[in-house]
Amino acid sequence: MQNRESFTLRGLCAAFFQAVLALAICCAPALANDVSEKEPHIQSARIGIQNTLKVGSWATAVIVVDKVTEGSKSQIAVQAPDPDGYNALFLSPILKASDSGKSVTVDFQTGRLEGEIAVLLLRSGEEVERKTLRYGQRVEYGPQVLRQSTHYIATCGKLAGFKDNWQTESSDGDQGQSKYDVVIQELESLNRLPDQHFALTSLNAIVLGRKFDLTPTQSTALREWTRRGGHLLIAVGDNARQYADSPLAGWIPIEVTGQTWPIRVYSGLESYASSNVRITYPGAAQVAEMKANDATTLATGIGNRPILARTNFGQGLITVLAMDIHQGPLTSWRALDLFLQKVLLGESLTQSDDEPSTQGQLAHSGVTDLATQLHASQQYFPDIQSFSLWTVLGFLVLYMIVIGPLDFLLMHRMFRKPKLTWITFPLSVIIAAWLAVYSAQNHKGSNLVVNQTNLIDVDVAHNRIDGKSWATIYSPRTERYEIALEPKIEMQTDQVSNRICWTAPAEDSFGGTYRPDGLDFGGSTYQFGHQLTMAKNVPIPAWSTRSLVSDWSFLPASNPGDEARPLVENRLSATGNGLLTGTLLHHLPGELSDWLIAYRHRVYRPRIPEGAESRTTDIPAGVIWSPDSEDVYPDDLRSFLTGEFSREEFNRKHNRTDYTVEQRKYNLMERNRNRIFQMLTFHEVVGGKDYTSLESHALGHLDLTQMLQLDCAVLFARLDSIRSQVSINQAAIKPSQESTFVRIVLPVSLKQSSAQASASDNERH
């Protein structure tokens, strides 16, 4: 009886537990869904400009997070590979309840042409959700990633003239392998245009026409992007009134009055396009009335009215077309694509691909871009010497001889005690290891070393300074560092902005951004804060380097209610024959040394008399400088940059002396940063790749050649009082090598010479 009762009790208990377990299994999904519905989660993620970005350039991820509660300490992070294979984490600010259901933007960069971008949802620093996007150079892989050499153009909607033949083919039939690899991004609407200027840095040009209803935030982003080196093309036409009422009209220097006038003759545009294809259109087209007083007129209509004008805006370009490219007569013009290519690229893609000789230089050095050359110069540390390959091989051969034949001869033949090998062998290994470490420390050092280069661009029109600082850090040991690059300015400022990220050459070699996916170091991660002013937990292996770049800008301080004192007082002018005259006065903190001023085809530089051992040629602050001074020597700009010289050779056959003009070959292994930045600034002046054998894509926005074509002078000099301070683990590090260069774009007013003035007077009379 007792056994039967105990059996019944056990059965009831088992049935009870089975029922509870079944209930738990049935209710678990519902409970889980109830919990997940109360937790923040990623609703959607959008990468780049309509799913397109450029490797090594800033891009924006737009993420929508739902169910954000106050105090949840939730945060969005974008994880992307850097060129060395590590995962860089870019963080957003801590999310608030008001961010729920709204777009959260995170700026980031990717360092590989193919790989994975992960969007993470963090809570108190711990990952709770992940969305992974596979990207590549083809659209079907997900987000499309472009090379630095790709000319990336964004247009608002479908525009005539942007045809498939912009993607020219090379001789072997591959797409996009010509001199210009062009990608046209047709924005679905102006809402797709980012509202942060750093999100536009991958674009080379933006074309706006017909619609100008930008938000004030988008207009500000477009303004800053253009000022920092972008090219903005505005096509107005009969939408002049809508354009005049838009935020763009408030800052674009070329004034559009809002009025229109009819045009029937289009010879100005046909001549600019260098095309014999005529524009045929029945009736008259409406052209916007614009004033291009301080701009360069590229094409005119009846009565020399400007219909195509261009001006510089900081370091960038603004081109205004007074006609609408969405409708006739331009939409029916068969040479419209050639016209747009010349406006946006500087030349036509259909021109001859025959290139002049590059003086027999072959780029076997692995350097194909000027940015790579700059990166290589940053990697050079004179005090840190590495053993050559032959030295290392010699030590290995000597080591094998010691532990092999030499040990055998001594222990077996000479001392006849082979058991001593149990002592001599490990002793030889220990001594060899100690010698290797000791010699490496002596040659490669035991201290952190930093190389730094700063480039300062002074925006005269907006009284602003923009800077870029490259820092390469050499680590003697494997360690993680906290690295900051902060502007150090010896003057009072009102506003300072700064952001930091990794930098690498656009090559397919080790550490380059064109390397294929798959080579990494175990997914090791470091992070950038949401303000991008510091990099934390940056891994640097022993005897290796890490390169970072900082973009910063600031405004000089001003008293309340007063305007800040201008950084540069520019009164330069030029006569019709191109001679520079007038005065220049700067208020920068320090002296401008090793200066040159380029204007059109001339260069003005210090004149040092023969026999003078030393002479001050600097341009100090607060002192008026004039190109008319006897201390200034004018020369041909291209000859100066290429080092042209005349060679005498006696011709015995004709009994005469022949003179030949030759150029100094450009050194592909150049380490002189002054020379490198001169080439970056005037690359097209010297003929571009035809002279240097190098492209200039990654830092192509630094080329100021077009400024010389817009009646602007460019001052290039050294200035040591404005730079960035490198801090590692919150300790300031003094660079072992540092160079600071300053560039100033100076508008030049044109005035008539006396002969031209008298001729004009005669015409009027």
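Here the closest heavy-atom approach between residue Trp502 and residue Thr513 is recorded as CZ3-CG2, 4.3 Å.
Considering Ile49, Thr110, Asn204 in turn, Asn204 is the only one that fulfils the side-chain contact (heavy atoms from CB on, under 4.5 Å) rule with Lys54. If you run side-chain contact (heavy atoms from CB on, under 4.5 Å) between Gln373 and each of Glu670, Arg675, Arg673, only Glu670 comes through.
Leu588 has its side chain within reach of Val458: a pair of non-hydrogen atoms, C-beta onward, lies under 4.5 Å apart. Side-chain contact between Arg228 and Thr201: absent, with no pair of heavy atoms (C-beta onward) separated by less than 4.5 Å. Under the 4.5 Å side-chain criterion, counting only non-hydrogen atoms from C-beta, Ile728 is in contact with Val726.
The closest donor-acceptor contact from the side chain of Asp618 to the backbone of Pro620 lies at 3.5 Å or more, if one exists at all. Not one N or O on the side chain of His683 forms a donor-acceptor pair closer than 3.5 Å with the backbone of Thr692. Put simply, the side chain of Lys734 never gets that close to the backbone of Val450: no donor and acceptor are under 3.5 Å apart.
Using a cut-off of 4.0 Å between Lys/Arg side-chain N and Asp/Glu carboxylate O, Arg123 and Glu126 are scored as not salt-bridged. At a threshold of 4.0 Å, the pair Lys536-Glu482 does not count as salt-bridged, since none of the basic side-chain nitrogens sits closer than that to a carboxylate oxygen.
In this structure, the side chain to side chain donor-acceptor pair (under 3.5 Å) partners of Ser497, at least two apart in sequence or on a different chain, are Ser553. Not counting sequence neighbours, the partners of Phe716 by the ring-ring contact (aromatic ring centres under 6.0 Å, His included) test are Phe741.
Stacking of Arg499 on the aromatic ring of Phe198 is recorded, both the 6.0 Å distance cut-off and the 45° axial limit being met.
Residues Ser202 and Ser57 bring no donor and acceptor atom of their side chains to less than 3.5 Å of each other. Between the side chains of Glu738 and Asn454, at least one donor N or O lies within less than 3.5 Å of an accepting N or O. Looking only at atom types and distance, the side chain of Gln379 has no donor-acceptor partner in the side chain of Thr472 under 3.5 Å away.
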